[in-house]
Q: 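Before anything else, here's the structure in question.
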Protein chains: 2
Amino acid sequence: MSTSRPTARDVAQRAGVSRSAVSMVMNGTAAGNVSAAAQERIREAARALDYRPDPLGVSLRQQRTGIIGIVTDEIASSPFAGKLISGVNSAAADRGYLSIISDIGQTAFAGPGTVREEHAIRQLIRRRVDALILATNGLRTLRVPKPLLTLPAAMANCRDAEGLLAAFIADEREGAQRATEHLTALGHRRILFIGGGDDEDAIPARLAGYHAAMTTAGLESLPPVSAGWEINDGFTAAQVVLTGTERPTAVFAANDRVATGVLLAAGGLGLRVPQDLSILGFDDQPHLAEATVPGLSTMGLPHFDMGRQAAEHVLNLLDGQESTTNGAMIHCHLTLRESTGPAPAGFNC
Amino acid sequence: MSTSRPTARDVAQRAGVSRSAVSMVMNGTAAGNVSAAAQERIREAARALDYRPDPLGVSLRQQRTGIIGIVTDEIASSPFAGKLISGVNSAAADRGYLSIISDIGQTAFAGPGTVREEHAIRQLIRRRVDALILATNGLRTLRVPKPLLTLPAAMANCRDAEGLLAAFIADEREGAQRATEHLTALGHRRILFIGGGDDEDAIPARLAGYHAAMTTAGLESLPPVSAGWEINDGFTAAQVVLTGTERPTAVFAANDRVATGVLLAAGGLGLRVPQDLSILGFDDQPHLAEATVPGLSTMGLPHFDMGRQAAEHVLNLLDGQESTTNGAMIHCHLTLRESTGPAPAGFNC
DNA sequence: ATGAAAGCGCTAACAG
DNA sequence: CTGTTAGCGCTTTCAT
């Protein structure tokens, strides 16, 4: 009695009422069912004993745990997973929910045999999570694992081909377009897109935005350089494309790491940034974009909001509110630092 | 019956036995209590119905949830939290446990008023986690919040001053010593330590290792340059210390980001790495150390193992095994890439 | 307005 | 060897 936590029975005893009365007061169902006097006594007793309903009892009774499951690829090494998860947690905490994360490793959601993710999902369902959120590190289109359709669910930073599940993704096309417009507005005419691979959906979207902005500005798109996602990829590509007189005056990199590689290469090639060359990144990667010299101008992805909105969506479903939305395209945010500036004179074609 | 999952009662009915018999078979307690024939029928029925004991019922009955709580600071932006958490999850999964993460933001564990963390811990305890792991992003010594002492717990990448809790931390001193020895073995005599602030415990430990190695090699330590933790911090510091004829031939950076800043600055100053200057980092930060040009030689911190061993420790406590250890100092791992090489000739003092 | 009783799914002690 | 029973802590009818 002294060591273990108080139960509803203890409170009831102390207040001289039945356990049901306690339950009602704790759940706000006491309206016309418990006398005001009793309510006050119950509240007082609960306070005195520091009583909190045991979530285990509640869960068993209500068949809901107040836990949201998150299934994600490579949380381990991603600089962004944390932001997305924070978004989920933030929305969850606001409504008294907790989250459980299941990390299934980097090769996840890849092949047709989505064994690992189905296992992870089943595991979470077995644990009776109330809802599930599927999140990926980069924008992806994937086949939604069947078990996911058996409970409230949403996708964050990914979507399924069939549109069965609400997807909360960044509007990468629009983001890339706005980013490119930033460069054209600075007078740049030769703007080169560098980086990325074929494994994700992000590149086509970003390229589409790039092309749209170039067309709008009456400029000719340069053939994009597919170069990978890492610093050294940007570095290597830059060695090639930044030489010669026809070199671009601005580089739009597929992400901040590639942009950093270009920045590194520019130094070695004697190009000043941004006076001789403007560099624009993508992602606003923590500890990177704001810390390079000069700091990277970059189009940030709304990881936090993707997580938060996905969580809000499933929580709404849980509250019985019919899906008010079927997903969302969330705006990207442009952060200007020092790596972009006016096009150098004498380069206007 | 068709839509909801099968219960022990369903299995018992199908096998023509009592519910308790089913329970025993599922828990391996059937030894001398259930006839072999019945056991087989039960197993068969369970398989047919795809029966899995409901964790909720088990939890309520046994007063344990099979969930480990992780309380951590700034998972959101840390490149390492994920690795540590993966370590915890890996050990947890091996024994059928799950983990719940509670992120309390970057200012955590700071002041004397540890309100936020106590709240997070209480929240997890309320949810009846079986054990708790306290993890920080960088090595820290902190006051262990009282509620933590009420259940099996361990600390990962941090420790408390009083030694009340088992702490699993990296042997940063030994790591720094070995790292410095790598440089002295290459013939470097002027080795400069750059980076870090005063807010964590890591710097004193790393400096101690540096000094030890220098002394052993019969060299004079250079006054360390306290410069911060980010790329631009390393860049700025390098601008000052890499000029002049008395410049160091090797830099040992407080982390990989600072090392990257030095690398960037070296390029601008016309210093080739590693021919003119060796640069050694700390952390082996994903997406950074292996991706710079040249790749960073770096002393990696065992984040995964810190998480994994902390989890194994609390799981042992849960299994009733008395604490076999009171924590551990885990070895760091040196990864050699291209940023370190022999000391340039003509610089031997 | 109140309390008694049933039961969520499970396990452990005990009687047959 | 087997089945019955009692409860883990809670909510929700249903009588009173």
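This is a predicted model, so every value here is computed, not measured. Per chain, numbering begins at 1; letters A, B, ... match sequence-line order.
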Q: Starting at CG of A/N89, measure out to CG of A/L84 and round the result to the nearest 0.5 Å.
A: 10.0 Å

Q: If you measure from CD1 on A/I42 to CZ on A/R14, what distance do you get to the nearest 0.5 Å?
A: 13.0 Å

Q: Roughly what angle, to 10°, lies between the helix axis at the start of the helix from C/dA1-D/dT16 to C/dC14-D/dG3 and the one at its end, five pairs per end?
A: 50°

Q: Apply salt bridge (Lys or Arg N to Asp or Glu O under 4.0 Å) to residues B/R41 and B/E44 and explain how you reach the verdict.
A: CA-CA 5 Å; B/R41 264 180 298 137; B/E44 167 57 28; over 6 Å; no

Q: Starting at atom CG of A/N33, determine the distance to atom C1' of D/dC14, rounded to an integer number of angstrom.
A: 12 Å

Q: To the closest 0.5 Å, what do you measure between CG (A/L132) and CD1 (A/I67)?
A: 11.5 Å

Q: Can you classify the ring geometry of A/H313 versus A/F168 as parallel (below 30°), tilted (30 to 60°) or perpendicular (above 60°)?
A: tilted

Q: Say you draw a straight line from CG of A/N157 to CD1 of A/I133; how long is it, rounded to the nearest 0.5 Å?
A: 12.5 Å

Q: Rounded to the nearest 0.5 Å, what separates atom CD in A/E312 from atom CD in A/Q309?
A: 6.5 Å

Q: Could you write nucleotides 4-12 of chain C as a row of B, S and -, 5' to 3', where a protein heavy atom under 4.0 Å of any base atom gives B, of only sugar-phosphate atoms gives S, and otherwise -?
A: B-BBBBBBB

Q: What distance separates A/I101 CD1 from A/T72 OG1, expressed to the nearest 0.5 Å?
A: 8.0 Å

